[in-house]
2 protein chains.
Amino acid sequence: MADGTTGGENLLFLTDEQLRKGIEAMFFAYRGFTADPDRILGELSYGRAHHRALHFINRSSGTTVNNLLSVLGVTKQSLNRVLRTLIEDGLVESRVGREDRRERHLYLTKEGADLERKLSEAQRARMRAAYRAAGPQAVAGFRQVLEAMMDESIRAQYLSIKDTRT
Amino acid sequence: MADGTTGGENLLFLTDEQLRKGIEAMFFAYRGFTADPDRILGELSYGRAHHRALHFINRSSGTTVNNLLSVLGVTKQSLNRVLRTLIEDGLVESRVGREDRRERHLYLTKEGADLERKLSEAQRARMRAAYRAAGPQAVAGFRQVLEAMMDESIRAQYLSIKDTRT
DNA sequence: CTTTTATGTCAGCCTTGTTGACTTTCCAAG
DNA sequence: CTTGGAAAGTCAACAAGGCTGACATAAAAG
């Protein structure tokens, strides 16, 4: 930013105008962020909710429904509708828990993993480009601000899950 | 970030794992970002769509419907539904254009401006806190990455609208 | 005068969120 | 063993807010 509006030279930079620009940046960037997967999902008559489920099942393979519920922050009825179609379509496998047989542990099938990869690769490509354009230092700041913007409980959850996959 | 995962010391930082964390950060942060206004809107039986309309009418007072349409990226039917209730409820005023009488120019009424302020102040408070927690340099990076993540056409639009208000 | 543009509106559909009520399964405490 | 309650699933109903398509009107443009 050559106009200095995002520069760090001034400590009294928190004008309402600055904050408004930040708010709009979040709005527009989030649209870009979801645009590529949305296009792919549209062709398959899936929605963003399916993408989110696939993402978090992939990230935390074998997670329970309750677990997924708290991460996604939706009701079980809402998640169930999405999950049911994914299971019916053979993208997700639901296995009865060994220790607690009430629980269902969720896994991606090969087909599910394929779609997840396709979706997340589209999203990663955009983020990779943005990261490259902005540079490493900007990326560090990006992550710091985003983390500070999360709800407390969510941030703890987000930070705790470092690498659940192997 | 003490773990170095968001540090800028390494130029080869674009692992899929890094990108995945960035993707999740966007997801969780956006939830936090919308949480406070959503609570206020829920009590008034308005939704996020109303907030967006109020925001952009406030930002670009006197904007036309077509203008708003392209900024928001929705269909006119979708926007019209929201706009109609805002006008009926006396939050937005629609004036016939002077030069081109087909156009409707949109303005916030006092009530509309009051609600917009209440909503955006809640959102600004969170962003202010996040900015303060992360520091000026992080904020610069945050904005840089977000801008790089927008669609080309949107970014141009976003950057062009510096200060339409006085 | 005709075409195009800006806007509004009706109808209908979809996704994805909600609440509430109910059932089934099954672990664990009494 | 019985029972309470947690986990999960299901059904119904509803709302917000996207979408498409069709159509009406007014006014600008040609």
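To find a chain, count down the sequence lines: A is the first, B the second, and so on, and within it residues start at 1. Note that the structure is a prediction, hence the values are computed from the model and not measured.
Listed nucleotides: dG9(D), dA28(D), dG17(D). Nearest to the side chain of V65(A): dG9(D).
With hydrogens and angles left out, the side chain of R101(A) and the base of dT25(C) share no donor-acceptor pair within 3.5 Å.
K118(A) places none of its side-chain heavy atoms less than 4.5 Å from the side chain of E121(A). Two residues are said to be in side-chain contact when any heavy atoms from C-beta on lie closer than 4.5 Å; F142(A) and Q144(B) fail this criterion. With contacts defined as side-chain heavy-atom distances shorter than 4.5 Å, the pair Y30(A)/M26(B) qualifies.
For the pair E103(A) CD and dG9(D) C1', the computed distance is 15 Å after rounding to whole Å. Rounded to a whole Å, the CG atom of L41(A) is 8 Å from the P atom of dT16(C). If you measure from atom CD of E99(B) to atom C1' of dA28(D), you get 12 Å, rounded to the nearest angstrom. Going from atom CZ of R104(B) over to atom C1' of dT5(C) covers 13 Å, rounded to whole Å. With rounding to whole Å, D38(B) atom CG is found 13 Å from dG17(C) atom P. With rounding to whole Å, R48(A) atom CZ is found 20 Å from dA16(D) atom P.
Nucleic acid contact class of H50(A) (heavy atoms, under 4.0 Å, all strands): sugar-phosphate only.
Comparing S94(B) and Y46(A) by the nucleotide of DNA chain C whose heavy atom lies nearest to each, the residue mapping closer to the 5' end is S94(B). When the nearest nucleotides of DNA chain C are assigned to N67(B) and R102(A) by heavy-atom distance, the more 5′-ward of the two goes with N67(B).
Residues satisfying the ring-ring contact (aromatic ring centres under 6.0 Å, His included) criterion with Y46(A), sequence neighbours excluded, are H50(A). Every residue meeting the salt bridge (charged side-chain N to carboxylate O under 4.0 Å, His left out) condition with R117(A), not counting sequence neighbours, appears here in chain and number order: D114(A).
A salt bridge (Lys or Arg N to Asp or Glu O under 4.0 Å) with D100(B) is found for one member of R104(B), R98(B), R102(B) and no other, namely R102(B).
Closest of all the heavy-atom pairs between L86(B) and A53(B) is CD1-CB, 3.9 Å.
Contact between the side-chain N/O atoms of N66(B) and the OP1/OP2 oxygens of dT5(C) is not found at any separation under 4.0 Å.
Listed in residue order, the members of residues 68-87 of chain A having a heavy atom less than 4.0 Å from DNA chain D are K76(A), Q77(A), N80(A), R84(A).
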